[in-house]
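Just passing along the structure, written as structure tokens.
Please read these numbers as outputs of a predicted model, since none were measured by experiment.
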Protein chains: 2
Amino acid sequence: MNAKARRRTLAEAVNGRGSVSVNELAAELGCSEMTVRRDLDLLERDGVVRRVHGSAVAASLRAHEKPYAVRAFERTEAKERIGIAVAALIGDGETIALDAGTTTAEVGRALRGRPVTVMPLGIRTLVDLAYDDHVRLIAPGGDVRVGELVVTGDLAEVAFERLRFDTFVLGACGIDEGSGVTTHVPADARVKRAAVASCGRTIAVADWSKFGVVAFGHVCSLSAVDLLVTDAPPSATAQLEALGLTVVRV
Amino acid sequence: MNAKARRRTLAEAVNGRGSVSVNELAAELGCSEMTVRRDLDLLERDGVVRRVHGSAVAASLRAHEKPYAVRAFERTEAKERIGIAVAALIGDGETIALDAGTTTAEVGRALRGRPVTVMPLGIRTLVDLAYDDHVRLIAPGGDVRVGELVVTGDLAEVAFERLRFDTFVLGACGIDEGSGVTTHVPADARVKRAAVASCGRTIAVADWSKFGVVAFGHVCSLSAVDLLVTDAPPSATAQLEALGLTVVRV
DNA sequence: ACGTTCGATCATAATTTCTGTTTGTTCGCA
DNA sequence: TGCGAACAAACAGAAATTATGATCGAACGT
């Protein structure tokens with residue numbers, strides 16, 4: 001399990017400092033340069049860093065959205081708690097549309113073994129739940145965006161025309177008092193908007209790091225959200241609650 | 001790699017003889033009973049065998065459709081050849097609907113790296129192609145049938161209303177002169193029929209073992225198929241060719 | 001109630017994955 | 001074009017993972 005920890009340290013060093021040389025990394029981690037190179041190759045394949053001759057640079061220097069593999073390592077504990085809390089809010093027999101993303105993936109995990117109907121917008125969660133005997137799974141149609149493995153487009157919206165889910169679990173790239181819920185990719189925003197409009201209630205999930213962030217694509221205003229589940233402290237959620245939003249803190 | 005071989009032998013012994021006791025299997029395979037039990041547990045989880053106290057019985061004694069894990073080990077070499085042949089029939093830039101099944105899964109594998117648009121009806125192939133940079137992937141909507149991981153239902157048919165694929169690669173449980181193309185699950189037959197009707201051309205794939213088989217659900221007559229790719233010998237395909245079906249032998 | 005089968009646990013064995021060294025090649029810079 | 005650093009491939013030893021068989025108390029079926 002040391003290899004994983006090392007790669008994580010490595011990713012943090014590179015993305016934290018922007019650019020670090022291979023021999024520098026090897027010295028810091030106390031391993032050979034060959035190992036660093038191999039690790040960097042792996043991380044590059046996952047889009048976490050970028051290689052240049054002699055060193056590695058952060059992949060997300062100016063990127064709007066960090067790659068999934070990067071986000072999957074961030075704030076994992078908070079996301080897990082949020083996932084469990086959302087699952088607790090969902091009753092047996094409910095039908096649920098589950099947004100794509102690292103936080104909603106935790107919701108999917110927490111729903112395993114529950115007698116519910118789930119349509120995940122992310123392929124990863126679809127596969128996660130595929131072998132579960134209790135969950136009734138519905139696949140969403142649509143274009144699969146590589147990397148994220150999220151479905152978008154016309155076909156994805158059709159599902160929300162045809163099916164009326166009880167609950168939509170909405171993931172967000174940004175939650176802001178003024179701009180409401182936003183996401184990096186406008187095409188995703190379209191699908192999310194269709195979901196919010198079609199589903200009975202919308203539960204938004206967002207860890208604290210999303211607060212005050214305004215991303216490119218606007219999804220909906222906060223008034224369209226019925227419930228926000230987050231790990232943010234009272235001081236951060238007070239403003240939102242003042243706007244009438246119900247907040248569940250984990 | 002010995003463990004896999006042993007499990008395969010074990011599966012063949014059980015499914016071949018219908019029922020074998022644990023100690024008998026342990027003696028035959030030259031390993032401990034504990035190992036046999038563990039193997040049987042794994043095979044049972046995959047639906048290959050069924051456990052009873054003291055022995056294992058074939059899971060598919062009277063089952064209409066063998067589980068995916070069983071079929072995946074059968075006639076693999078023929079399926080692979082068929083997959084490559086079908087991929088060769090498909091031009092760059094084409095849009096393809098890809099049926100679920102073990103044979104069509106090979107077609108998907110053979111399409112990796114090709115600049116084509118693919119919508120696989122099976123989740124396994126969807127995931128197989130998910131990390132391919134060249135293939136443009138479209139996910140089909142619909143209910144996910146556990147075990148097979150194939151999508152069915154209304155939503156799956158919607159995709160064929162909205163999108164016009166150049167080619168449908170049709171997998172079959174049975175190919176028969178009189179009954180045409182048949183499949184075990186009627187719900188699947190509905191989707192396949194919608195696909196045949198919507199796509200520009202239909203390429204059917206079927207290894208020799210499917211010949212003369214008539215399954216429960218009727219998909220279409222042979223006249224609806226433009227091309228049949230198979231490993232069957234000329235003697236087996238002569239009748240079909242006499243009916244006007246174009247056959248590609250691999 | 002009896003003998004058999006089972007599943008959990010553990011120590012050992014087999015296998016896979018990981019890692020550092022070596023070697024020769026490629027790359028970037030002057 | 002030539003130099004030094006960075007690189008990739010190959011290999012061998014190390015580390016981690018997985019598979020295996022033995023043992024024992026519990027569960028099972030007759």
Does B:Arg6 have a side-chain nitrogen or oxygen under 4.0 Å from the phosphate oxygens OP1 or OP2 of D:dT20?
->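 True: B:Arg6 side-chain N/O within range (under 4.0 Å) of D:dT20 OP1/OP2.
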Look at all strands and tell whether B:Val52 reaches a base, only sugar-phosphate, or nothing, counting heavy atoms closer than 4.0 Å.
->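 It contacts sugar-phosphate atoms only.
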Nearest listed nucleotide, side chain of A:Ser32, among C:dT19, C:dC6, C:dG20 |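 Selected nucleotide (nearest to the side chain): C:dG20.
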Residue A:Ala3, side-chain atoms from C-beta onward, closest of C:dT19, D:dG21, D:dA8 =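 Nearest to the side-chain atoms of A:Ala3, counting from C-beta on, is C:dT19.
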Can you tell me the distance, in whole Å, between the CG atom of A:Asp39 and the P atom of C:dT19?
->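 So the two atoms are 7 Å apart, to the nearest Å.
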Whole-Å gap separating P (C:dC2) and NE2 (B:His53) =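 From B:His53 NE2 to C:dC2 P: 18 Å.
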With respect to the side chain of A:Met34, which nucleotide from D:dA19, D:dG29, D:dA9 is positioned closest?
->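 Per side-chain heavy atoms of A:Met34, the pick is D:dA9.
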Electrostatic pair B:Asp188-B:Arg145, nearest N-O below 4.0 angstrom =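 A salt bridge links B:Asp188 with B:Arg145.
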Any A:Arg37 side-chain N or O less than 4.0 Å from OP1/OP2 of C:dT19 |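 Negative; the distance criterion is not met.
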Is B:Arg38 salt-bridged to B:Glu33, cutoff N-O under 4.0 Å?
-> no
Using a cut-off of strictly less than 4.0 Å, decide whether B:Arg51 has a side-chain nitrogen or oxygen near OP1 or OP2 of C:dT5.
-> no
Testing D:dT20, C:dC6, C:dG7 for proximity to the side chain of B:Asp41, the answer is C:dG7
Round to the nearest Å and state the distance from A:Leu25 atom CG to C:dG20 atom P.
-> 14 Å
For the side chain of A:Arg38, counting heavy atoms from C-beta on, which of C:dT19, C:dG7, C:dT5 is nearest?
-> C:dT19
Quick one: is B:Thr35 getting a side-chain N or O under 4.0 Å of the D:dT20 phosphate, OP1 or OP2?
-> no
Within this structure, what is the CG-to-P distance between A:Leu29 and C:dC18, rounded to whole angstrom?
-> 16 Å
Measure the distance from NZ on B:Lys4 to P on D:dA19 and round it to the nearest whole Å.
-> 10 Å
Between D:dA5 atom C1' and A:Glu33 atom CD, what is the distance in whole Å?
->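 It is 9 Å, rounded to the nearest whole Å.
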Is A:Glu28 salt-bridged to A:Arg6, going by a charged N under 4.0 Å from an acidic O?
-> no
Phosphate OP1/OP2 of D:dA5 contacted by A:Asn23 side-chain N/O (<4.0 Å) | no
Worked check of side-chain contact (heavy atoms from CB on, under 4.5 Å) between B:Val86 and B:Val205 = CA-CA 8 Å; B:Val86 171; B:Val205 295; 3.5 Å; yes
B:Asp132 and B:Arg114 ion-paired at < 4.0 Å | no
